[in-house]
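One structure is given here, and the rest of the page talks about it.
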Amino acid sequence: MTRGIETVWEHSDRLLYGLMNTIMLSVVGAILALALGALVAIVLMSSKPALRLGMQALVDLMRCVPFLMLVYLVYYGLPTIGIDFDNWTSGLAALVVYNTAYMAEILRGIWMGLPRETIEAATAYGYHGPRLYTRIIFPQIFLAAGPMLGNQLIQIIKDTSFLTIIAVPELTQAASGIQAQYFVPFAAFVAAILIYWALCACVEFGVVLIEKVAEARR
């Protein structure tokens, strides 16, 4: 046990490198998925049935696909039709595509609960199109959706561990590499679990701050 902890500590630089990749994948993936999810949510709330139902079908399809299978599809499937990414970009693309569907559903759900009077009043004052979305609708949605967006970010952090199957150098791959080379599975994986826990605790702290801001604005 002691030898395992010492071994992991001696190779903490590998865990740190994996942690940096995990953070980068999570943050970039969450920002892109949230931005795309906002655009998809606008389509889901469209008054045009064909457009709305078509997008809803795509969102439902994506939510039914196991994330691991999507990673395989992006990394091994797309090159067969001439679209070839490296392993890091493939992992990021899979994270963004997969989580865009969930982000869109979260935003749509909050949007449907917004008081109609606020939007109607903004429209009466001349807010339309992008101004209506960016100044009136989405600020309210993002403040109200803090806990759900936090949960989704935690899910994205955990999803990055699947990317070890395509050799993305993230945290799980770093821990797996140390245990495979020195056979210290308990110490290596417990260290990785504690780091994941610390990351998720930071997200929870951020959600609490957002909730306080939202409460102050009510």
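- Residues that satisfy the ring pair (Phe, Tyr, Trp, His ring centres under 6.0 Å) test with W111, not counting sequence neighbours, are Y133, F138.
- Residues I110 and M148 meet the side-chain proximity criterion, which asks for heavy atoms closer than 4.5 Å.
- When the side chains of ILVMFWY residues are joined at heavy-atom separations under 4.5 Å, either directly or via intervening members, V97 and L68 end up in a single hydrophobic cluster.
- Side-chain contact between T22 and L25: absent, with no pair of heavy atoms (C-beta onward) separated by less than 4.5 Å.
- Annotation: R135, atom CZ; neighbour count of heavy atoms from other residues, nucleotides and ligands within 6.0 Å does not exceed 12.
- Using a 4.5 Å heavy-atom cutoff, the side chains of T7 and H11 are in contact.
- Judged by distance alone, the side chains of S90 and N87 never bring a donor and an acceptor atom under 3.5 Å apart.
- For the atom pair OG (S176) and CD1 (I178), the distance works out to 9.5 Å, reported to the nearest 0.5 Å.
- Inspection of the N99 and Q155 side chains reveals no N or O donor paired with an N or O acceptor under 3.5 Å.
- In this structure, F67 and F162 have perpendicular ring planes: the angle between them is above 60°, well past the 30° mark.
- Under a 3.5 Å cut-off, the side chain of T160 and the backbone N or O of I157 do form a donor-acceptor pair.
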Checklist entry - Are T172 and Y196 close enough, and set up right, to give a side-chain hydrogen bond (donor to acceptor under 3.5 Å, both in side chains), and what steps lead you there? => result CA-CA 10 Å; T172 296; Y196 280 119; 2.6 Å; yes
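- Taking CG from L149 and CG from L34, the interatomic distance works out to 6.0 Å, rounded to the nearest 0.5 Å.
- In this view, Q181 and R14 satisfy the side-chain hydrogen bond (donor to acceptor under 3.5 Å, both in side chains) rule, not counting sequence neighbours.
- Using modelled atom types and a 3.5 Å distance limit, the side chains of E105 and Q56 yield a donor-acceptor pair.
- Going from atom SG of C64 over to atom CE of M69 covers 12.0 Å, rounded to the nearest 0.5 Å.
- With a 6.0 Å radius and a threshold of 12 heavy atoms from other residues, nucleotides or ligands, M20 has its CE atom above the threshold.
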